[in-house]
2 protein chains.
Amino acid sequence: MAVSEEQVFGRPWRGRRRQRPSGDQRERAILETAERLLGERSLNEISVDDLARGAGISRPTFYFYFASKEAVLLTLLDRLVEEARAGIELERLSQGPLEVVRRGIASVHETFRDHRAIALAAAEMRASSAEVRELWARVIEGFVQETTAAIEGERRRGAAPGGAPARDLAVALNWMNERVFQATLSSEVPAISDAAVIDTLVEVWMRAIYGNSALEDEAG
Amino acid sequence: MAVSEEQVFGRPWRGRRRQRPSGDQRERAILETAERLLGERSLNEISVDDLARGAGISRPTFYFYFASKEAVLLTLLDRLVEEARAGIELERLSQGPLEVVRRGIASVHETFRDHRAIALAAAEMRASSAEVRELWARVIEGFVQETTAAIEGERRRGAAPGGAPARDLAVALNWMNERVFQATLSSEVPAISDAAVIDTLVEVWMRAIYGNSALEDEAG
DNA sequence: GACGCTGTCAACACTGTGTCGAGATTTGTC
DNA sequence: GACAAATCTCGACACAGTGTTGACAGCGTC
């Protein structure tokens with residue numbers, strides 16, 4: 001146990017009269033342990049006991065702080081989402097549509113890349129946890145609404161041609177980004193290299209929104 | 001137990017001298033039970049015991065036929081993939097690129113929609129099973145290679161403009177389809193309606209491959 | 001009629017989750 | 001500085017699920 005505490009709280013205890021770590025410290029220790037372990041293996045392969053030991057507490061004590069390991073991931077994910085949103089806000093000052101799209105995509109990509117472990121764990125847990133699924137759905141829905149509004153704006157001012165309903169287009173483009181980022185971050189195959197992923201996605205977005213297919217009336 | 005057997009083998013046993021069901025029957029019963037139960041809940045929520053009981057056997061006997069419940073899903077998925085491939089082959093006779101793309105996408109969509117339960121379970125198990133992940137990776141890789149070849153062909157004959165590397169484009173478009181189908185089949189939010197999903201995807205594909213953005217050189 | 005093959009399952013060992021209740025520690029109050 | 005309340009801690013338990021073992025049953029066949 002002493003060994004585990006050292007992992008998280010630094011140097012071993014020497015002085016006298018040291019109280020036990022506060023609740024906040026413990027909670028933080030659990031979150032840090034979770035993010036560290038997620039870098040090594042998936043949440044399914046991490047037991048509540050692993051998280052508890054990593055934070056220097058027993059398993060029942062873990063349950064004093066979190067209802068389950070999903071709850072830990074949810075807390076981590078909340079932070080990440082907050083960070084991603086903040087990143088996008090910062091990019092609002094850009095000018096032309098190309099730059100807006102590029103910066104928005106790049107910003108999300110950066111945030112996720114900096115916390116790969118959490119992003120990938122979240123993608124994985126979407127399958128089994130309704131709460132993760134709902135949180136994620138809200139995030140994507142937010143992106144979709146902004147995208148839809150932007151497409152409709154560009155169509156109204158005549159800059160973008162008509163075509164599929166703006167929302168359907170927005171949904172398809174946003175899911176594409178989500179899935180492609182996931183593949184790139186996890187080095188799944190097939191994937192796009194980290195260096196090329198932004199350019200590729202931006203190109204598809206720009207053509208899907210602004211481009212007119214040369215073959216629009218060829219066949220069917 | 002008798003009740004479970006009736007579920008799968010039809011009418012209750014009456015005659016004399018009936019041998020126990022053959023190994024093939026049992027294996028089929030397990031697969032059928034799995035597909036039926038997957039229509040109701042996810043594979044995580046289905047225990048080996050559920051599958052065994054549904055097939056009228058005990059849990060240890062289940063392990064005589066399959067190494068795990070993942071192995072059952074893998075067998076189901078193998079069939080589905082085979083069916084999807086066959087569907088695409090049938091569409092080879094179409095003429096213009098628009099029709100080729102549309103028929104290819106529609107064919108995959110149909111196959112998956114007809115076995116929603118399996119397709120969704122596979123997407124879910126990609127997270128936790130390396131074997132499912134690898135099988136799925138091979139499937140998508142196949143689509144990507146065909147798409148890449150098609151794009152390069154169209155570029156060579158001057159029908160499609162240059163841009164991002166053909167393979168990167170192909171990867172992005174195929175992941176988009178995968179993710180959008182998944183969202184549509186599971187009625188996730190946000191999703192595209194079943195009726196509009198093909199048109200939307202085809203439009204993005206055509207524009208991404210053939211369309212030139214009107215703003216290509218607008219901003220930075 | 002005993003050998004081998006395919007099936008079959010009760011009982012076991014194990015891993016992991018979540019809960020309970022009894023106690024220790026800390027904090028606030030007078 | 002003592003007492004109560006709130007906060008924190010964990011041993012021990014109940015439970016659900018997985019996968020294995022070993023004994024044994026039916027069936028063809030030489």
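The figures that follow rest on heavy atoms only: side chains count, while hydrogens, waters and symmetry mates do not. The chains referred to below are lettered A, B, ... by the order of the sequence lines, with proteins before strands, and numbering in each begins at 1.
Rounded to whole Å, atom P of D:dA16 lies 18 Å from atom CG of B:Leu51. Atom pair B:Phe62:CZ and D:dT20:P shows a separation of 12 Å (rounding to whole Å applied). A straight line from CD of A:Gln25 to P of C:dT25 spans 17 Å, rounded to a whole angstrom. Counting to the nearest Å, the P atom of C:dT25 and the CD1 atom of A:Ile57 are 17 Å from each other. In this structure, B:Arg53 places its CZ atom 16 Å from P of C:dT8, rounding to the nearest Å.
The ring pair (Phe, Tyr, Trp, His ring centres under 6.0 Å) test applied to A:Phe112 returns A:Trp136, not counting sequence neighbours. Legend: residues meeting ring pair (Phe, Tyr, Trp, His ring centres under 6.0 Å) with B:His109, ordered by chain and number and at least two apart, are B:Phe181.
Each of C:dC9, D:dT7, C:dG7 was ranked by its minimum atom distance to the side chain of A:Phe64; first place goes to D:dT7.
The stretch residues 185-197 of chain B participates, sequence neighbours left out, in these salt bridge (Lys or Arg N to Asp or Glu O under 4.0 Å) pairs: B:Arg113-B:Asp194, B:Arg179-B:Glu188. Pairs of residues two or more places apart, or lying in two chains, never qualify as ring pair (Phe, Tyr, Trp, His ring centres under 6.0 Å) while including a residue from residues 186-206 of chain B.
Taking each heavy atom of B:Leu173 and A:Val204 in turn, the nearest pair found is CD2-CG1, 4.4 Å.
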Please list, one pair per line, the donor and acceptor atoms closer than 3.5 Å that link side chains of residues 139-146 of chain B to other protein atoms, with sequence neighbours excluded.
| from | atom 1 | to | atom 2 | distance (Å) |
| --- | --- | --- | --- | --- |
| B:Glu141 | OE1 | B:Arg167 | NH2 | 3.1 |
| B:Glu141 | OE2 | B:Gln145 | NE2 | 2.7 |
| B:Glu141 | OE2 | B:Arg167 | NH1 | 3.0 |
| B:Glu146 | OE1 | B:Arg92 | NH2 | 2.7 |

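In terms of phosphate contacts, A:Thr61 brings no side-chain nitrogen or oxygen within less than 4.0 Å of OP1 or OP2 of D:dT9. OP1 or OP2 of D:dT9 sits under 4.0 Å from a side-chain N or O of A:Tyr65.
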What string of B, S and - do you get for nucleotides 11-20 of chain C, 5' to 3', if B is base contact, S is sugar-phosphate-only contact and - is no contact with any protein heavy atom under 4.0 Å?
-> B-----BBBB
